[in-house]
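Structure first, then comments.
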There are 2 protein chains.
Amino acid sequence: MANSDPVYLRVVEDLRRQIVDGTLPPGAPIPSRHQITRKYSVGETAARHALRVLAQEGLIIGRVGSGHRVRERPTLLPLHRTRTTEPLAAFAADVQSGGRHPTCTWRSELADAPPEIAQRLRVSEWSPVIRVRSVLRGDGRPLQLLTSYEPVEFGQSQAPEEGSGERRSAAFRLAAGGTPITEIGETVHVRVPQPTESDLLELPAGVQVLHVERTYWAGDRAVETTDAVIPGDRFRLVYGIPVSL
Amino acid sequence: MANSDPVYLRVVEDLRRQIVDGTLPPGAPIPSRHQITRKYSVGETAARHALRVLAQEGLIIGRVGSGHRVRERPTLLPLHRTRTTEPLAAFAADVQSGGRHPTCTWRSELADAPPEIAQRLRVSEWSPVIRVRSVLRGDGRPLQLLTSYEPVEFGQSQAPEEGSGERRSAAFRLAAGGTPITEIGETVHVRVPQPTESDLLELPAGVQVLHVERTYWAGDRAVETTDAVIPGDRFRLVYGIPVSL
DNA sequence: CGCGCAAAGTTGGAGTCACAGGTAGCGGCC
DNA sequence: GGCCGCTACCTGTGACTCCAACTTTGCGCG
């Protein structure tokens, strides 16, 4: 059937079937290019193309010199998106329960709000905000990128700062100061990582990222908004949705 | 710098820069393979490879005969993950506000709970469940796949059924019958679509999907669990997290 | 018997050529 | 002036080749 399909797809489909149905378990070696050319009677281009597609899909992983193997599907670590004003605490708990030691480094500076951020914070475009870029790590390996924006009037210091570990967010400080956060809005989408993100997160090829935009509201005022960039191959987001009926 | 980088990456980076900074606006034509070989003094392989990578990243789209163009970035339709026992209602509202007409077809049948589903429903493996597969559409185009599982004791009819439009879920029927749903748990992750999903959703190459697992709880009893498969290039998930502090 | 090194095998990058099928624009014909 | 067909161009796929870098394995030598 579908004899007009590209040749390489025949190879892709056969190997994929064997991987998903367990004939080829995680760690099992995949036939090499030359073996594929012989086994399926295809050219080397088709064999190479098939392997590339499967690697891109994340089903196999190739290492120079030692061949392709079925990728061990990493267990997706849960990331609890909870009702707290201190996202680091939740992250730390999740990482620790995964048996790793969480750390965090950050750098804050004054910046102008680009249109999208301005809209999310309900401030005018290019108005001054404090931008904090954080890298969250587990056992030293980068796991998540966090960029948060606070209007300057909520920020503490407008001078560039750097540090590691906890940094009190605007949301946290306002909550402690008697202005409680009333709601958190999040939107989640998938996208291809930018080169710098791919670099910082040490992402293998083909991995997409979850981009989570979170905005903290105190009444009708947006207090802080953050962008989280999360490797799609290592995490799953966990939401608890209370039913108020 | 980085002169040892693969040649095709030079092309990818140059074109990507032009696309993201707006030099090449959406719809603009991308140089063809032959033009790239001349302009960047690279071989045809490198040109081809560069175009493939950019297409895989979703930045450009190629059509046989008419060349590559910068992809119009589709606005990500919001999908509100709300505290309702009738997911179709939320979906319908979101699709309608996007100016499209929502429809739904479904098919229910008796099945044995595979291990993962059994665990989510807190029933023993391979115990009988009712499985409902739905395809949600907007203006006739498939937008989302939904598979839900209910333990037979909550299900209505064990005979295979088929239909379109509303189908009362176990969660809804229990709630109406006086057993209120107390919590909804969701986990979100990204993955490569399976061939059948790619087919049903008419996904272009390189698009990954959001996989949302939702479980309805009535007290400590799992009433129903659903898997939603959502094209990652067209939707973003929206969560409202009330703060109970 | 053990260790090191060389050879064989593998991936990833790169070049070249070829061909089928599709698009679009231009020119000629009615 | 309008319509039709042809041609040039483009993509997707495929074959064949070469090479650098790396891993593994097994053989030979000390």
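Numbered from 1 within each chain, the chains take letters A, B, ... in sequence-line order. Nothing here was measured: the structure is a model prediction, and the numbers come from that model. Excluded from the calculations below are hydrogen atoms, water molecules and symmetry mates; all remaining heavy atoms, backbone and side chain alike, are included.
Distances shorter than 4.0 Å separate none of the side-chain N or O atoms of S66(A) from OP1 or OP2 on dT10(C). Between H68(B) and dT11(D) there is a side-chain polar atom (N or O) within less than 4.0 angstrom of OP1 or OP2. Contact check, Y8(A) against dG14(D): no side-chain N or O comes under 4.0 Å of OP1 or OP2. An OP1 or OP2 oxygen of dA24(C) is reached within less than 4.0 angstrom by a side-chain nitrogen or oxygen of R63(B).
When rounded to the nearest whole Å, the span between CZ of R69(B) and P of dT11(D) equals 11 Å. In this structure, I60(B) atom CD1 and dC10(D) atom C1' are separated by 13 Å, rounded to whole Å. Nucleotide dG12(D) holds its C1' atom 13 Å from the NE2 atom of H34(B), rounded to whole Å. Taking atom CZ of R38(A) as the reference point, atom C1' of dT10(C) lies 13 Å away to the nearest angstrom. Atom CZ in R52(A) sits about 8 Å away from atom P in dG12(C), given to the nearest Å. Between the CZ atom of R10(A) and the P atom of dT13(D) there is a distance of 15 Å, given to the nearest Å. Separating the CZ atom of R33(A) from the C1' atom of dC22(D) is a distance of 13 Å, rounded to the nearest angstrom. At whole-Å resolution of the value, CG in L9(A) and P in dG12(D) are 13 Å apart.
Closest approach to the Q35(B) side chain among dT13(D), dG12(C), dC10(D) is made by dC10(D) (side chain taken as heavy atoms from C-beta onward). Nearest nucleotide to the E44(A) side chain, out of dT16(C), dC10(D), dT17(D): dT17(D). Distance from the side chain of T45(A) is smallest for dA15(D) among the nucleotides dT10(C), dA15(D), dC10(D).
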*Run the side chain to side chain contact (heavy atoms under 4.5 Å, CB included) check on I60(B) and R71(B) step by step: do they pass?*
CA-CA 5 Å; I60(B) 65 178; R71(B) 183 154 172 223; 5.7 Å; no
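In this structure, R234(B) places its CZ atom where more than 12 heavy-atom neighbours from other residues, nucleotides or ligands lie under 6.0 Å away.
Without hydrogens or angle criteria, R236(A) side chain to L76(A) main chain gives a donor-acceptor distance under 3.5 Å. Q119(A) contributes no side-chain N or O that, together with a main-chain N or O of E116(A), makes up a donor-acceptor pair within less than 3.5 Å.
Checking A46(A) against L51(B), the closest nucleotide of DNA chain D that is more toward the 5' end is the one next to L51(B).
Taking only distance into account, the side chain of R48(B) never meets the base of dG15(C) through a donor-acceptor pair shorter than 3.5 Å.
Contact annotation for G65(B): base contact, defined as any heavy-atom pair under 4.0 Å involving a base atom.
The closest side-chain donor-acceptor pair between T105(B) and R137(B) falls under 3.5 angstrom.
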